[in-house]
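In what follows, a structure is listed as C-alpha cells, so that the remarks can point back to it.
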Amino acid sequence: DKVVNVHIASYEDNNELTGMLIHRGAILKTLLDYLPEDCLQTNAKLQAIEQTDEQVTAHFTDGSAWQGDVLVGADGIFSTVREYVNAGVEPNYLGDIVWRGIVPDTEFCVDGNFKVYIRTQGIYANFFDIGFGQTHWGFFIEKDQEPDEVGKGRPNDVSMPTQELSKLPEVARRIIDSTPPEDIKCRFSYDIDILPTLHNGRVILIGDAAHAKSPTRARGMTAGLEDALALSSHLSAGGTVEQMLSAFETERMPIVHEYQRSSREISMKTGRLRKKAA
C-alpha cells in the first residue's frame, strides 16, 4: 500500500535482472515508514556482545542492553559487530576520494542515460539519470592518504578540487557546480578482503559489514538489500539458529564474493594508485 517512485533503466548484463535506479532517500524512507515506532532506537554505541546457546546480548556504552535470538550486524564498512565474527579486518584503501551529489537536470543526463568520463590524468566521473528530472553524479580523484587520515571515512579537506574539476568538459562541470555544497558527500573509497565466514554463533553480518566492495559495479546497497531478503527467508524457514544462518551463508557467500572480486578487479584496471604502487 506504499508507492515509491523509481526509475528503471533496462539493460542486459550476464543474465542479471533489469537494473533499477532508485533514489537512496526513497529506499530509506520506505523502510522507516514500515518500522513500528518502538522498533528503532538511535544514538547507542555498541560496547560488547555476549552469546550463549540460547541467546545473544548486545551491550551499549550508555549502560543499556538488548537480548534476542539473532544479532544482525548491518553497521557498514567500519563495522563493530564484524570483530565478533572475523577479528582484525581493516578497510582496504582503493586509492581515491569520491564526491557525490544529486541535482535537478533536464538536459545533460536524461532518458535513462549513464555517462562516464574514463579515468585519465588522475580523475574519473560518472553521471546517472535517476529519473524525475534528477541526476546522480560521482567524481573521483586519485590521492594518497595523509598519515592521520588512514582508516578514516573521509579526508581532512572535503572541498571540491578545482584543479582536477577543470579536467572535465564544461557541461559536466556545470552539473557538479550546481550542487549546493551542503548536499555533496565526500568519502574515501574502500573495500574489505573476502571474509571466510559471515556468521559466528548467533551473530550474522550483512551488507558492507560483510562484504564492502569497490563502487565500480554499483552493488553496495543492492547487495545489502539482497542479504536482508535472503536472511528473512531463511529465518522464516524454521530450524535451529545455526541451520538457518548456515543456509543463508551458503547461499550468499558465492554471490557477494563474486561482487567483491569483480569490483576490485575493475578498480585495479582503471589506473588507481594502488595498482601503480604495486
Side-chain angles (χ1 to χ4, degrees), residues 1-2 4 24-92 151-153 190-213 219-257 259-260:
D1 61 348
K2 295 182 182 292
V4 178
R24 183 181 295 260
I27 296 174
L28 296 177
K29 182 179 184 304
T30 301
L31 294 174
L32 288 172
D33 285 346
Y34 271 102
L35 284 177
E37 291 186 3
D38 60 350
C39 185
L40 180 64
Q41 299 184 34
T42 59
N43 299 319
K45 184 178 181 181
L46 182 68
Q47 184 175 53
I49 296 173
E50 295 179 331
Q51 57 178 320
T52 66
D53 291 339
E54 291 77 30
Q55 66 180 17
V56 58
T57 304
H59 298 277
F60 301 96
T61 55
D62 63 0
S64 64
W66 171 91
Q67 291 182 337
D69 295 317
V70 175
L71 176 63
V72 181
D75 50 338
I77 189 170
F78 298 105
S79 172
T80 303
V81 179
R82 186 171 58 226
E83 191 68 15
Y84 294 85
V85 179
N86 295 275
V89 177
E90 297 292 339
N92 169 61
K152 292 184 178 180
Y190 289 105
D191 68 4
I192 62 172
D193 291 335
I194 289 174
L195 302 182
T197 182
L198 302 182
H199 86 286
N200 177 16
R202 293 173 175 269
V203 182
I204 184 83
L205 301 174
I206 68 172
D208 281 353
H211 44 72
K213 60 195 71 62
R219 286 292 188 272
M221 177 169 270
T222 298
L225 290 172
E226 290 173 352
D227 286 347
L229 289 171
L231 181 58
S232 176
S233 176
H234 286 292
L235 291 178
S236 301
T240 67
V241 168
E242 177 60 31
Q243 288 171 336
M244 292 184 288
L245 298 189
S246 292
F248 165 83
E249 185 175 275
T250 298
E251 175 188 344
R252 292 299 296 164
M253 281 184 69
I255 298 170
V256 298
H257 286 177
Y259 284 163
Q260 288 179 278

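Bear in mind the structure is a predicted one, so any value in this text is a computation, not a measurement.
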When Thr30, Leu31, Leu32 are each screened for side chain to side chain contact (heavy atoms under 4.5 Å, CB included) with Tyr34, the one that passes is Thr30

Hey, is the main chain of Val56 close enough, under 3.5 Å, to the side chain of Glu50 for a donor-acceptor pair?
-> no

Got Ile192 and Gln260 here, is their nearest side-chain heavy-atom distance under 4.5 Å?
-> yes

So do Leu205 and Asn86 actually touch side chain to side chain, heavy atoms under 4.5 Å?
-> yes

Could you tell me which residues satisfy side-chain hydrogen bond (donor to acceptor under 3.5 Å, both in side chains) with Gln51, sequence neighbours excluded, listed by chain and number?
-> none

Heavy-atom side-chain contact between Thr222 and Glu226 under 4.5 Å | yes

Kindly say whether Asp75 contributes a backbone atom to a donor-acceptor pair with the side chain of Ser79 at under 3.5 angstrom?
-> no

Side-chain contact test, heavy atoms from C-beta onward, threshold under 4.5 Å: evaluate it for His211 versus Asp227 and give yes or no.
-> yes

What pairs of residues pass the ring pair (Phe, Tyr, Trp, His ring centres under 6.0 Å) test when at least one of them lies in residues 63-92, not counting sequence neighbours?
-> Phe78-Tyr190

Student check: side-chain heavy atoms of Asp69 and Arg202 closer than 4.5 Å | yes

Do Val85 and Leu198 come within less than 4.5 Å of each other through their side chains, counting heavy atoms only?
-> no

Only counting residues at least two apart or in another chain, list the ones meeting side-chain contact (heavy atoms from CB on, under 4.5 Å) with Leu229.
-> none

Side chain to side chain, Glu242 and His199, heavy atoms closer than 4.5 Å = yes

Short side-chain to backbone donor-acceptor contact, Ser64 and Phe60, under 3.5 Å = no

